[in-house]
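Presented below is the structure to which this report refers.
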Amino acid sequence: MTDDLLSQLNPPQQRAVATLEGPVLVLAGPGSGKTRVLTHRIAYLITVAGIDPFHILAVTFTNKAAREMRERLATLLGEAVAADLTVGTFHAICARWLRRDIVHLGRERDFVIYDSDDQERLMKRVLRELNLNEKQNPPRAILSAISRAKNELISPEEFARAARSYFDEIVARCYARYQALLSESNALDFDDLLGETVRLLREHPTVRERYQERYQFLLVDEYQDTNRAQYLIVRALAERYRNLFVVGDEAQSIYAWRGADVRNILQFEHDYPDATVILLEQNYRSTQAILDVAQALISVSPQRKYDKRLWTTNGAGEPVILYEAFNDEDEVQFVIGEIMRLIASGKARPGDCAILYRTNAQSRLVEEALVQAHLPYQVVGGVRFYERKEVKDVLAYLRLAANPYDSVSLQRIINWPGRGIGERTVTELIVWARQLGVPLYQALSELASGVDNPFTARSRAALLAFHALIADLNQRRAALPLLELIDFALTAVGVKETLAQEYDTEEAEDRWRNVQELRNAALAYLHLPIENQLAAFLEDIALVADIDALDRNSDVVTCITLHQAKGLEFPNVFVLGIEEGLLPHSRSLSQRETLEEERRLLYVGMTRAQHRLYLCYAAQRALFGRLSESQRSRFLDVIPPHLLKRAGRRGYRATPSLQNSMFNSRSRPRSEPARQLSRPTTVTFFAGQRVRHATFGEGIVVSSRLIDDDEEVTVRFPDRERRLLASFARLERITDG
DNA sequence: CGGGCTGACATTTTT
DNA sequence: TGTCAGCCCG
């Protein structure tokens with residue numbers, strides 16, 4: 001067994017697996033087998049060092065990774081051993097710990113977890129209460145400021161003290177009220193799961209020691225993407241035994257925008273001077289051609305403390321293709337055509353292909369084209385199942401059954417289905433509850449007991465009926481198995497009838513199917529004790545990520561954002577929209593750090609590819625359904641041309657309109673002149689476009705093709721069709737309006 | 001109170 | 001392109 005575990009590994013991997021004690025930092029380049037190292041190390045700890053799996057904690061970046069790791073270990077060591085390990089994401093692990101120990105912080109263990117939609121609803125309520133305008137104070141912006149504060153463990157009071165700007169003052173007031181309402185609702189948001197855990201470990205030495213004793217061996221994956229709170233959790237746990245094993249790659253740090261701090265990994269050696277540092281540089285995933293391109297891109301990155309040099313024995317492989325498209329439609333058509341070609345020639349199956357993009361919005365066009373081509377596919381992300389309205393509405397009832405103080409859920413369905421409680425009445429209820437200083441649900445209870453209240457008899461009756469419904473659900477929770485509870489709720493609420501009434505037949509059926517799917521998901525929880533079923537169900541739903549649903553076993557094309565693609569690999573990878581403003585994204589251009597993160601994002605995308613990598617960009621792209629010109633990304637300009645094989649509209653460069661060229665020259669910093677490859681300038685036309693010719697007048701473009709470095713455009717003029725060379729004809733585009 | 005219409009406006013990435 | 005807030009009317 002021991003020999004087995006090490007014999008399949010290269011020397012640095014072996015060191016990483018066999019260095020059992022003390023802090024270890026593994027810098028693992030993409031495709032260098034870090035997952036294998038992690039699982040083998042755990043197996044080694046258990047079988048060779050005789051460590052009880054009970055004492056091992058492994059933190060992964062996604063639930064899916066956790067599940068896969070546990071499965072692999074079950075194969076290596078058996079189900080029973082794997083079951084004793086603690087494996088999960090920071091959020092899932094913290095949620096579990098808090099269920100057990102949050103009482104030490106003076107809170108209830110049946111808390112609900114608020115997702116970003118819940119957070120936004122709560123923040124809107126806060127703004128209304130504080131008489132703040134939603135337009136001037138966007139809830140999302142305020143929430144993101146609060147999230148940043150929470151990641152740094154800054155309390156509302158501290159935030160208020162440090163506030164310097166007007167915006168910070170606003171945020172400070174919102175933060176305080178937001179936190180009060182969360183607590184009143186017996187709810188935690190994502191950041192609280194981490195922050196409250198830090199507080200628990202900090203403020204309660206006996207609890208901290210208990211966890212330190214339990215988790216004597218710690219493993220943390222994707223360490224470059226941990227935030228301050230996660231760093232503190234790890235530090236607190238590792239304090240005693242110092243058996244801390246972290247794996248990461250600074251070049252793949254892509255989550256600074258949500259609080260990840262790359263300094264955590266860069267300063268590991270400072271935090272733990274006795275750390276063993278291991279570099280994994282042999283790549284087992286990609287061809288040399290792919291690595292060369294990726295290396296060219298990342299070598300320009302300024303901050304690289306650990307300069308890994310990836311190498312492989314895989315051979316050169318096929319050249320990386322750069323496709324220059326007329327527009328986004330053309331780009332997608334090329335990708336589909338290429339996938340079909342690969343499949344037809346037996347070089348690939350649909351499941352070997354992945355289409356990567358920067359923003360979810362780009363997936364629409366891709367999806368449409370895949371449908372048209374009859375290619376099977378899956379889109380990761382986009383409209384999430386558990387965020388669909390009908391699903392969240394039903395969930396709101398279940399959440400109230402678990403915790404009636406959940407005010408966001410209560411407000412969500414207090415009038416769904418319509419039961420005569422309008423906006424006016426809801427506002428009145430909120431104001432009244434605040435006067436009484438109690439959560440909304442308790443205000444309803446007060447109402448039932450007949451105290452003085454501001455409601456009309458009609459409103460009061462409606463509110464009481466609603467209160468009775470929730471109280472009933474809440475009572476049945478303890479006695480009913482989850483499935484029966486759900487069925488009871490669906491019937492009592494009249495969900496099916498409500499959907500039938502709200503939507504036309506087809507959509508109502510669609511939505512009802514989604515509700516049924518939610519019900520099916522509950523089947524997995526029936527083996528638990530009845531009193532735990534609902535809580536476990538709700539918690540898992542709150543913490544699932546899109547990527548968790550990714551199915552690598554089905555033979556379908558995967559469409560996915562660059563962020564979600566981290567950690568995955570595919571034989572054939574297509575990266576779309578490598579254009580200024582999209583990748584790098586326009587929101588990242590103003591700061592060096594955010595811009596560099598975009599570079600790493602593309603690096604992550606490129607290094608997902610095993611055999612074939614296609615890089616694509618388009619000269620025109622529909623944005624909000626409006627056509628706009630784009631320029632190839634600066635990231636492409638640092639790749640030596642000989643590493644790329646160009647395809648498509650070769651030599652194309654957009655002829656910017658006057659407005660565009662003004663915009664471009666202004667938006668590009670003077671200190672950084674535009675890097676341009678020397679390419680002939682041509683003009684691009686596409687079918688259907690209206691054009692004007694000095695002699696022939698107005699016409700419509702029928703088709704267009706490239707001849708050498710010029711473009712032949714066929715245009716139908718009033719008299720007849722003519723073929724023109726774009727460089728001579730001086731065709732003028734006619735734009736409507 | 002509820003339904004329907006319109007116009008404004010927004011999109012980065014996600015546990 | 002799609003969503004959502006705000007307005008009007010029954």
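First the proteins, then the strands, lettered A, B, ... as listed; each starts at 1.
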Would you give me the side-chain donor-acceptor pairs under 3.5 Å for residues 190-201 of chain A, sequence neighbours excluded?
residue  : atom : partner  : partner atom : Å
A:Asp191 : OD1  : A:Asn151 : ND2          : 3.4
A:Asp191 : OD2  : A:Ser147 : OG           : 2.8
A:Asp192 : OD1  : A:Lys150 : NZ           : 2.9
A:Asp192 : OD1  : A:Gln179 : NE2          : 3.4
A:Asp192 : OD2  : A:Lys150 : NZ           : 3.3
A:Asp192 : OD2  : A:Gln179 : NE2          : 3.4
A:Asp192 : OD2  : A:Asp189 : N            : 3.3
A:Glu196 : OE1  : A:Arg199 : NH2          : 3.1
A:Glu196 : OE2  : A:Arg199 : NE           : 3.2
A:Thr197 : OG1  : A:Leu193 : O            : 2.6

TODO: Would you tell me if any nitrogen or oxygen in the side chain of A:Gln564 comes within less than 4.0 Å of OP1 or OP2 on B:dT14?
DONE: yes
Task: Short side-chain N/O contact from A:Asn360 to OP1 or OP2 of B:dT14, under 4.0 Å - done: yes
Open item on the list: By nearest heavy atom, map A:Thr359 and A:Arg458 onto DNA chain B; which one lands nearer the 5' end?
Closed with: A:Arg458
TODO: Write down the distance between CG (A:Asp225) and P (B:dT14), rounded to a whole number of angstrom.
DONE: 13 Å
TODO: Tell me, please, which residues at least two apart from A:Ser459 pass side-chain contact (heavy atoms from CB on, under 4.5 Å).
DONE: A:Thr425, A:Phe455, A:Thr456
TODO: Can you figure out which of B:dC1, B:dT15, B:dT13 approaches the side chain of A:Thr425 most closely?
DONE: B:dC1
List, with names and distances, any nitrogen or oxygen atoms from the protein found under 3.5 Å away from nitrogen or oxygen atoms belonging to nucleotides 2-5 of chain B.
residue : atom : partner  : partner atom : Å
B:dG2   : OP1  : A:Gly420 : N            : 3.2
B:dG2   : OP2  : A:Asn415 : ND2          : 3.1

Task: salt bridge (charged side-chain N to carboxylate O under 4.0 Å, His left out) involving A:Arg96 - partner list, sequence neighbours excluded - done: none
TODO: Grab the OH-P distance between A:Tyr357 and B:dT14 for me, whole Å please.
DONE: 9 Å
Task: For atom CZ of A:Arg587 and atom P of B:dT13, their distance in whole Å - done: 10 Å
TODO: Using the aromatic ring of A:Phe90 (for Trp, its six-membered ring), decide whether it stacks on the base of B:dT15 within the limits of 5.5 Å and 30°.
DONE: no
Task: Qualifying residues under side chain to side chain donor-acceptor pair (under 3.5 Å), relative to A:His467, sequence neighbours excluded - done: A:Ser445
Task: Any residue meeting side chain to side chain donor-acceptor pair (under 3.5 Å) with A:Arg70, in chain and number order, not counting sequence neighbours - done: none
Task: Any A:Arg125 side-chain heavy atom under 4.5 Å of A:Val408 side chain - done: no
Task: With A:Glu596 via salt bridge (charged side-chain N to carboxylate O under 4.0 Å, His left out) - residues at least two apart - done: A:Arg592, A:Arg599
Task: Span that lies between the P atom of C:dC4 and that of B:dT13, in whole angstrom - done: 16 Å
- [ ] Name all residues meeting the salt bridge (charged side-chain N to carboxylate O under 4.0 Å, His left out) criterion together with A:Arg140; count only those two or more places apart in sequence or in a different chain, and write none if there are none.
- [x] A:Glu120
TODO: Give me the ring orientation class for A:Trp416 and A:Tyr397: parallel if the planes are under 30° apart, tilted from 30 to 60°, perpendicular past 60°.
DONE: tilted
- [ ] Using a 4.0 Å heavy-atom cut-off across all strands, classify A:Ser588 as base, sugar-phosphate, or nothing.
- [x] nothing
TODO: Could you check how far CZ of A:Phe190 sits from P of B:dT15, rounded to whole Å?
DONE: 8 Å
Task: Atom-pair distance (CD1 on A:Ile254; P on B:dT13), nearest Å - done: 13 Å
Open item on the list: List the residues meeting salt bridge (charged side-chain N to carboxylate O under 4.0 Å, His left out) with A:Glu598, not counting sequence neighbours, and say none if there are none.
Closed with: A:Arg358
TODO: Could you tell me whether the phosphate oxygens of B:dT14, OP1 or OP2, come under 4.0 Å of any side-chain nitrogen or oxygen in A:Thr561?
DONE: yes
Open item on the list: Suppose we screen for side-chain contact (heavy atoms from CB on, under 4.5 Å). Which residues come up paired with A:Ala145, at least two apart in sequence or across chains?
Closed with: A:Arg148, A:Phe167, A:Val171
Task: Closest to the A:Arg364 side chain, choosing from C:dT1, B:dT15, B:dT13 - done: C:dT1
Task: 5' precedence on DNA chain B between A:Val426 and A:His91 (nearest-nucleotide basis) - done: A:Val426
TODO: Apply salt bridge (charged side-chain N to carboxylate O under 4.0 Å, His left out) to the pair A:Glu367 and A:Arg364, showing each step before the final yes or no.
DONE: CA-CA 5 Å; A:Glu367 196 174 350; A:Arg364 163 182 255 112; over 6 Å; no
Task: Residues A:Asp118 and A:Arg399 bridged, charged N to O under 4.0 Å - done: yes
Task: Nucleotide B:dT14, atom C1' - distance to OH of A:Tyr255 in whole Å - done: 6 Å
Open item on the list: Between P on B:dC1 and CD1 on A:Ile414, what's the gap in Å once rounded to a whole number?
Closed with: 11 Å
Expected rows: protein N/O vs nucleotides 4-8 of chain C N/O, under 3.5 Å:
residue : atom : partner  : partner atom : Å
C:dA5   : OP1  : A:Lys124 : NZ           : 3.0

Task: Strand DNA chain C in bracket notation, Watson-Crick/G-U under 3.5 Å with | for pairs to another chain - done: .|||||||||
- [ ] For A:Lys392 and C:dT3, give me the distance from atom NZ to atom P, rounded to whole Å.
- [x] 16 Å
